[in-house]
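Quick notes on the structure that follows.
All values below come from the heavy atoms of this structure, side chains included, with hydrogens, waters and symmetry mates left out.
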Protein chains: 2
Amino acid sequence: MVDNDLKERIKKAAVEHFNTNGYHGTTIRNIAKEVNCSLPMIYYYYENKKELFDEIIKKDFFALLKRQASLLKIDNVIDFYTKFIYDLNFLSDYDKKVYRLGIKVYLSFDGDEELMSLMDEWEKSILPRHHQLLKPYIKNAADETAVVRTLVHLLETMIQNIVVKNRHLPEAEIREEISIVLRNFL
Amino acid sequence: MVDNDLKERIKKAAVEHFNTNGYHGTTIRNIAKEVNCSLPMIYYYYENKKELFDEIIKKDFFALLKRQASLLKIDNVIDFYTKFIYDLNFLSDYDKKVYRLGIKVYLSFDGDEELMSLMDEWEKSILPRHHQLLKPYIKNAADETAVVRTLVHLLETMIQNIVVKNRHLPEAEIREEISIVLRNFL
DNA sequence: GTACAATTCTAACGAACGTTAAATTAAGAG
DNA sequence: CTCTTAATTTAACGTTCGTTAGAATTGTAC
């Protein structure tokens with residue numbers, strides 16, 4: 001994320017501020033000060049505060065989610081999920097902040113009903129996607145849906161630890177937890 | 001939570017607003033309007049906006065956490081944890097909102113560093129507490145700490161689903177997921 | 001160099017914010 | 001009924017907010 005272009009720098013600063021101070025706690029003036037431009041420049045590139053916020057969530061956050069979801073070359077299921085989570089540790093700072101902001105909207109800390117419904121739609125797609133993904137590897141299908149659900153729940157917590165709480169999760173811990181959920185299943 | 005007393009009604013409305021609009025998005029005027037009193041009445045009962053916010057987190061949220069943590073009569077571990085989570089579904093509306101607000105502070109959506117460090121301290125106590133709790137029931141201690149960690153992570157997601165996302169989690173689903181993590185362990 | 005468009009700025013607008021001073025009303029004691 | 005204190009209100013303060021009008025600057029094409 002090289003920041004030469006002013007429009008991009010504004011968005012970058014906005015992500016930072018929205019994350020730290022929330023939507024209402026973020027002021028256009030603070031963003032302008034941070035990127036060292038005058039206040040109306042922000043209105044030159046973005047219609048208003050809300051549009052700036054929405055662009056981050058609608059474009060950058062969902063793009064990030066889709067990028068994540070498309071990394072689907074599985075050979076070993078546990079390796080795959082471990083890598084899936086572990087790699088989050090090494091997202092760029094900007095991507096992590098966008099992710100964090102998205103999760104905040106998802107947990108309805110900020111954002112409006114339109115954004116919320118976009119989130120809901122995304123969320124509904126998660127379980128089926130992972131179920132599909134795991135299907136070919138299931139050996140013991142006794143409590144299939146429950147295991148997939150548990151796995152997804154576990155992934156969710158680990159994502160939040162890395163992205164929202166900004167912790168580093170060691171690969172070994174990730175692998176252990178995923179294995180615990182998936183044993184007796186693969 | 002009967003609301004006769006004005007001070008209590010103010011706090012109740014504040015929880016509602018802080019939850020929906022965040023700290024900065026909440027205005028004293030809106031709170032006053034909601035409880036049908038004049039604006040300075042809020043300053044009659046609370047020093048300022050920040051003190052009102054802090055009282056909710058420091059008193060009500062932590063009281064709630066401690067109340068939850070003290071429900072420790074175990075006979076069957078899975079029964080216990082299932083009930084522990086399932087009962088969250090039936091918290092009073094007020095308690096749920098306080099819980100939700102607390103989690104938001106915990107995830108640093110609002111609140112200052114003082115509150116954050118209170119949260120950190122609490123968080124550090126969680127793993128040891130559950131480890132202690134599970135100790136007498138462990139049969140297969142091969143990956144003891146990992147299982148406890150996985151369980152706590154799973155509990156966290158379920159708490160967030162109930163309290164933050166305001167979903168109802170059926171007892172059967174809770175039990176299934178806890179059992180999946182704890183099998184081969186008890 | 002001149003013309004024109006794309007950037008960027010200074011300065012201000014009205015509205016809403018947190019907070020407070022001071023006046024008013026309600027309640028309880030003697 | 002009077003005095004005193006508690007509860008509540010009206011009205012305003014200074015500040016900061018999101019936003020915009022309009023001027024100044026910079027870049028580009030001929």
- Query: Is there a side-chain polar atom (N or O) of A:Thr27 under 4.0 Å from OP1 or OP2 of D:dC17?
  - Reply: yes
- Query: Could you state the OH-P distance from A:Tyr43 to C:dC13, rounded to the nearest angstrom?
  - Reply: 17 Å
- In whole angstroms, the gap separating C1' of D:dT20 from CD1 of A:Ile42 amounts to 14 Å
- Task: Check every atom of D:dA7, C:dG18, D:dT20 against the side chain of A:Leu39 and return the nucleotide holding the closest atom.
- Result: D:dT20
- Item | Nearest-angstrom distance from the residue atom CE of A:Met41 to P of C:dT8 | 4 Å
- Task: When you get a sec, tell me which of D:dA21, C:dA21, D:dT8 is the closest nucleotide to the side chain of B:Pro40?
- Result: C:dA21
- What is the distance, rounded to the nearest whole Å, between atom CG of B:Leu52 and atom P of C:dG18? 11 Å
- How long is the gap from CG on A:Asp95 to CZ on A:Phe61, to the nearest 0.5 Å? 11.5 Å
- Task: Rounded off to whole Å, could you give me the CD1-to-C1' distance for the B:Ile28 and D:dA12 pair?
- Result: 17 Å
- Starting at NZ of B:Lys50 and ending at P of C:dG18, how long is that distance when rounded to a whole Å? 14 Å
- Message: Once you measure the plane-to-plane angle for B:Phe90 and B:His168, does it fall in the parallel (<30°), tilted (30-60°) or perpendicular (>60°) bin?
- Response: perpendicular
- Round to a whole Å and report the spacing from CZ of B:Arg29 to C1' of C:dT20. 12 Å
- Task: Report the distance from atom OH of A:Tyr44 to atom C1' of D:dG18, rounded to the nearest whole Å.
- Result: 20 Å
- Message: I want to check a possible cation-pi pair here: A:Lys49 against A:Phe18, using under 6.0 Å from ring centre and within 45° of the ring axis as the test.
- Response: no
- Stacked cation flag A:Lys7 on A:Tyr46, 6.0 angstrom / 45 deg: yes
- Within the structure shown, what part of the strands sits under 4.0 Å from A:Tyr46 by heavy-atom distance: base, sugar-phosphate, or nothing? nothing
